[in-house]
Amino acid sequence: MQRRDFIRSTAALTTLAALGARAATPLAADSDLLAEAIRANDAGIPALLAQQELRPGHRWLGGLSNAYGLHSAGGTSGFI
C-alpha cells in the first residue's frame, strides 16, 4: 500500500466515524482496518527515512527532499 492509499483509507475511515457510520460497522472491522492502515504506514517509513537530510549544518537538516532532490517545507511537513 502506498502513502496515497493510506491517506485515502484513513480519510474515509475518519469521515465515516464523523458521520456516525461507526455504529453501523462492527468494531472488529474497524480494528482490522486500523491495524492494516498502521501496518501500511509503518512499511513506508524506511523509504522516507532514507530520503531525510542528515548532513550536519545543512540548511534542510531533518527535512525530506522530493523526487528531484529539492527540499521544501511542504515535503517535510508531509513527512511529519
Side-chain angles (χ1 to χ4, degrees):
M1 179 182 276
Q2 294 182 342
R3 183 172 184 258
R4 179 175 289 159
D5 297 327
F6 169 77
I7 292 171
R8 186 179 301 130
S9 298
T10 304
L13 179 63
T14 303
T15 302
L16 288 174
L19 295 174
R22 181 178 209 111
T25 307
L27 183 58
D30 286 348
S31 297
D32 292 342
L33 181 60
L34 181 59
E36 177 59 31
I38 291 170
R39 275 193 294 276
N41 187 55
D42 289 349
I45 290 176
L48 291 172
L49 289 175
Q51 293 177 331
Q52 190 175 24
E53 181 60 60
L54 299 175
R55 293 177 287 181
H58 191 276
R59 177 180 177 192
W60 290 97
L61 178 64
L64 272 162
S65 60
N66 63 15
Y68 303 102
L70 302 172
H71 294 82
S72 70
T76 301
S77 69
F79 172 62
I80 293 171

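All values reported here derive from a predicted model rather than from experimental measurement.
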Worksheet item: Are the side chain of T10 and the backbone of I7 linked by a donor-acceptor contact shorter than 3.5 Å?
Response: no
Worksheet entry | Euclidean distance, F6 CZ relative to R39 CZ, rounded to 0.5 Å | 12.0 Å
Worksheet item: Quick one: do L61 and L64 end up in the same hydrophobic cluster if we chain Ile, Leu, Val, Met, Phe, Trp and Tyr together by side-chain heavy atoms under 4.5 Å apart?
Response: no
Discussion item. Could you report the tightest heavy-atom contact between G69 and S65, atom names first, then the distance?
Written reply: C-CB, 3.8 Å
Worksheet item: Once the angle between the rings of W60 and H71 is folded into 0 to 90°, is it parallel (under 30°), tilted (30 to 60°) or perpendicular (over 60°)?
Response: parallel
